[in-house]
Amino acid sequence: MSASNPQTAAPGAPAEARPSNFIRDIILDDLKTNKHAGRVQTRFPPEPNGYLHIGHAKAICLDFGLADEFGGHTNLRFDDTNPSKEETEYVDSIMEDVKWLGFHWDGLFYASDYFEQLYEWAVQLIKAGKAYVCDLSADEIREYRGTLTKPGKDSPYRNRAVEENLGLFERMKAGEFPDGSRTLRAKIDMASPNLNMRDPVMYRILHASHHRTGDKWCIYPMYDYAHGQSDSIERVTHSMCTLEFEDHRPLYNWFIQQLGIFPSQQIEFDRLNLTHTLLSKRKLLQLVQEGHVSGWDDPRMPTLCGIRRRGYTPEAIRNFCGAIGVSKTNGSIELAMLEHFVREDLNKRAPRAMAVLRPLKVVIDNYPEGQVEELEAVNNPEDPAAGMRKVPFSRVLYIEQDDFREDPPKQYHRLSPGREVRLRAGYFITCTGVVKDERTGEVVEVRCTYDPATRSGNAPDGRKVKATIHWVSAAHAVDAEVGIYDNLFTKEDPSQTDEGKDFTSNLNPNSLEVLSHCKLEPSLASAAVGGRYQFERLGYFCVDLDSVPGKLVFNRTVALKDTWAKIEKGQRGKG
RNA sequence: UGGGCCGUCGACUAAUGGUAGGUCAAGUGCCUUUGGAGCACUUUGUCUAGGUUCGAAUCCUAGCGGCCCAGCCA
């Protein structure tokens, strides 16, 4: 059960008020017909072979959210049937991520908890003549399986006597045979149009150490033989999984039926796809291993730990998952949708601060040298309870390079020679001149005068300015490093590649920009790791894991919507 | 090409035989001590062709298009 809910599942909301989806409809219907005596049991079943990503968040919100809505329960179950790929590092991270997202499981289980039961059931199936030990090699099994259009043919071992099968299977378990030499197969139908029903492998021999059972087993169940029965053991009523398992459902049901155990129901929904993003554990692993990113928690990664480090909130992710809905259509959500939900959440809660990313020096000629004033600034205009803070003001300031143009284009409202703007929470200043680098001609300093009557940002004579810009007092500024992130991939669909190239050819070479001498207002000096702020007019930023007092590091979570950038882009477009 | 699934604004998703609606994006305006936020308004859609029906996004038929399946991975 979850303590907190996606916005789509506000506790106590009337069922009719919640957005519908076809899975919810199925549950509603089952409740109406009293199929499981009003019980709703779900599970989230990750394989501990990688870190969770935003796609898993969708499944988690569904599994936990739906159970929660109907007073049901949700188990966290690790699908750990393949010891060669699974590690405790991953189970730890998965538990951490699920908790961070705001969900709490009822039961914590592992498919490996059921190895003994699964083995007994396999023996039962052998005795019933429904399973047999097959000596075919992997290659031979593939040949015998047939193709999409051609039926397969029976294994020569298909009709072994029950006693022989029993003996062989026991010896497989006892470790008498090498890896790959034999398998236990279900006896179903080699001519089935569904390849999953062509005598699927139930057990393979794998002399590998398992992260939980150690060396106890050297035969391991396949996913298809383990998953449905695990659901059944936990009396899962609604077992949600992604679309590619649709073809497996007949097998899922076959095992349950042959065994005569609790009939869990598998329901498939569409996997999340996000533009400019890859959501495949295999490819994410490759990015990490080949060093294209700094690790699983690189802020550019779509992993939950990456997104968390980037500064996303669990609420934002849950709201996003609620908003995208659930269906069976194969589509791709625009990244802008995800970004919308962080902005929406952070706008309400992130305290504001001033930070200058690309500093340009401003000297206010008529401001007394050595004087410092403490100006009052609003912490969050969306939240009066957030209060006020003091920001030091003095004669030499930094402003954003972007906020000054010597030769301003049309519609540019910010500072330029002769023009007056407001300093956020401060005075009106007018640009009186510039100082340039003699060699490069670059403006290295802007000279201004201020109007002492405009303290706090209003002119007594009622005159208006068109722009308000942010600033930091040079003498009081705190230095910081800031990571600016862009899409990890340039293509909308990064898996779409040119001949002979793989997805890494679509990596965005500019996905990370590190700005190292950013100037922050002094109140930020004590910002704690994980702290989220809005740097006014720029975006939302979060204190990075590697940040220490004296050497601050921030990540840009997402930029604020930038109307001027849009206008400017339009101007360039026109020529 | 055998089987399975799916086609609704640019994207995602509702409408369960009876007004094609919502969110994101885009655009316009208002407002603004963040060109932020907010508010208002606007544009754009039922894959195609037949059929059933008083009435079809919804049901039927046939096309067309997309995704998945030939691991001893999950």
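Quick note on labels: first sequence line is chain A, next is B, and so on, each numbered from 1.
Taking every side-chain heavy atom of A:Ser327 into account, B:rA14 is the closest of B:rA26, B:rA14, B:rG36.
Contact annotation: A:Thr329 side-chain N/O to B:rC12 OP1/OP2 distance is not under 4.0 Å. Between A:Lys466 and B:rU32 there is no side-chain N or O to OP1 or OP2 distance below 4.0 Å. Between A:Lys464 and B:rU32 there is no side-chain polar atom (N or O) within less than 4.0 angstrom of OP1 or OP2. Contact annotation: A:Arg537 side-chain N/O to B:rG35 OP1/OP2 distance is under 4.0 Å.
Taking only distance into account, the side chain of A:Glu382 meets the base of B:rG36 through a donor-acceptor pair shorter than 3.5 Å. Within 3.5 Å, a donor on the side chain of A:Arg414 pairs with an acceptor on the base of B:rG35, or the reverse.
In this structure a side-chain-to-backbone donor-acceptor pair under 3.5 Å is present from A:Arg160 to A:Val133. A:Asp113 places a side-chain N or O within donor-acceptor distance of the main-chain N or O of A:Tyr110, the cut-off being under 3.5 Å.
Residue A:His413 contributes atom NE2, which lies 14 Å from atom C1' of B:rU34 at whole-angstrom precision. When the P atom of B:rC12 is taken as reference, atom CZ of A:Arg271 falls 17 Å away, rounded to whole Å. At whole-Å resolution of the value, CG in A:Asn347 and C1' in B:rU32 are 14 Å apart. Atom pair A:Leu346:CG and B:rG36:P shows a separation of 17 Å (rounding to whole Å applied). For the pair A:Glu246 CD and B:rC67 P, the interatomic distance rounds to 16 Å; values are reported in whole Å. B:rA11 atom C1' lies 14 Å from atom CD of A:Glu339, rounded to whole Å. Note: NZ (A:Lys150) to P (B:rG3) measures 16 Å, nearest angstrom. Atom CG in A:Leu560 sits about 10 Å away from atom P in B:rG38, given to the nearest Å.
B:rG10 and B:rG2 have their P atoms separated by 33 Å, with the value rounded to a whole Å. Atom P of B:rA11 sits at a distance of 15 Å from the matching atom of B:rU48, rounded to the whole Å. Nucleotides B:rU44 and B:rC9 are separated by 5 Å at their C1' atoms, to the nearest Å. Of the P atoms belonging to B:rG45 and B:rG63, the separation is 29 Å, rounded to the nearest Å. B:rU58 and B:rG17 have their C1' atoms separated by 7 Å, given to the nearest Å. Spacing between B:rA70 and B:rU28 at atom P, rounded to whole Å, works out to 50 Å. Straight-line distance between the P atoms of B:rA20 and B:rC47: roughly 16 Å, to the nearest whole Å. Taking the C1' atoms as reference points, B:rC6 lies 32 Å from B:rC72, given to the whole Å.
Contact annotation for A:Ser332: backbone-only contact, meaning every heavy-atom pair under 4.0 Å involves sugar-phosphate atoms and none involves a base. Counting non-hydrogen atoms under 4.0 angstrom, A:Ala467 reaches nothing in the nucleic acid. Nucleic acid contact for A:Lys566: sugar-phosphate only, since backbone atoms but no base atoms lie under 4.0 Å from a heavy atom of the residue. Nucleic acid contact class of A:Val378 (heavy atoms, under 4.0 Å, all strands): none. Residue A:Gln411 is classed as a base contact, given a heavy-atom separation below 4.0 Å to a base. Heavy atoms of A:Tyr412 sit under 4.0 angstrom from at least one base atom. When heavy atoms are screened at a 4.0 angstrom cut-off, A:Arg249 is found touching no nucleic acid atom at all. Base contact: A:Gln534 has a heavy atom under 4.0 Å from a base atom.
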Next on the checklist: Let's go through A:His470 and A:Arg537 carefully: what are the C-alpha distance in whole Å and the side-chain angles of both, what is the deciding distance for side-chain hydrogen bond (donor to acceptor under 3.5 Å, both in side chains) to 0.1 Å, and is it a yes or a no?
Outcome noted: CA-CA 7 Å; A:His470 59 277; A:Arg537 303 206 306 132; 3.3 Å; yes
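Atom CD of A:Gln496 has 12 or fewer heavy atoms from other residues, nucleotides or ligands within 6.0 Å.
Ranked by how close their nearest RNA chain B nucleotide is to the 5' end, A:Leu538 and A:Lys328 are led by A:Lys328. Closest-nucleotide positions on RNA chain B for A:Gly331 and A:Glu536 were compared, and the one nearer the 5' end corresponds to A:Gly331.
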Next on the checklist: Please convert RNA chain B into dot-bracket. A pair counts if it is Watson-Crick or G-U wobble with both distances under 3.5 Å; crossing pairs go in [ ] and bases paired with another strand get |.
Outcome noted: .((((((..((((....[..)))).(((((.......)))))....(((((..]....))))))))))).....
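Among residues two or more places apart in sequence or in another chain, the side-chain contact (heavy atoms from CB on, under 4.5 Å) test is passed with A:Tyr223 by A:Asp79, A:His227, A:Phe245. Here A:Arg349 pairs with A:Thr313, A:Glu315, A:Asp345 under the side-chain contact (heavy atoms from CB on, under 4.5 Å) rule; sequence neighbours left out. Considering only residues two or more places apart in sequence or on other chains, A:Phe44 meets the ring pair (Phe, Tyr, Trp, His ring centres under 6.0 Å) condition with none of them. Partners of A:Asp29 by salt bridge (charged side-chain N to carboxylate O under 4.0 Å, His left out), not counting sequence neighbours: none found. Residues passing the salt bridge (charged side-chain N to carboxylate O under 4.0 Å, His left out) test with A:Arg352: none are found, sequence neighbours excluded. Looking at residues two or more places apart in sequence or on another chain, you find a side-chain contact (heavy atoms from CB on, under 4.5 Å) between A:Glu176 and A:Arg171, A:Ala174. For A:Ala122, the side-chain contact (heavy atoms from CB on, under 4.5 Å) partners are A:Phe169, A:Leu184, A:Met202, A:Tyr203, A:Tyr225, not counting sequence neighbours. Legend: residues meeting ring pair (Phe, Tyr, Trp, His ring centres under 6.0 Å) with A:Tyr427, ordered by chain and number and at least two apart, are A:Phe393, A:Tyr450.
Looking at A:Glu382 and A:Asn380, their side chains never bring a donor and an acceptor atom within 3.5 Å of each other.
Annotated as syn: B:rG71, whose glycosidic dihedral is within 90° of 0.
Separation of atoms OH (A:Tyr132) and CG (A:Leu168) is listed at 13.0 Å; rounding is to 0.5 Å.
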Item to check | Nucleic acid footprint by protein, nucleotides 68-74 of chain B - heavy-atom cut-off 4.0 Å, B for base, S for sugar-phosphate alone | outcome: BBBSBSB
Nucleotide N/O of nucleotides 16-24 of chain B paired with protein N/O under 3.5 Å:
from	atom 1	to	atom 2	distance (Å)
B:rU16	O4	A:Asp25	OD2	2.4

Which side-chain N or O atoms in residues 328-339 of chain A pair as donor and acceptor under 3.5 Å with protein atoms at least two apart or in another chain?
from	atom 1	to	atom 2	distance (Å)
A:Lys328	NZ	A:Glu246	OE2	2.5
A:Thr329	OG1	A:Ser327	OG	2.9

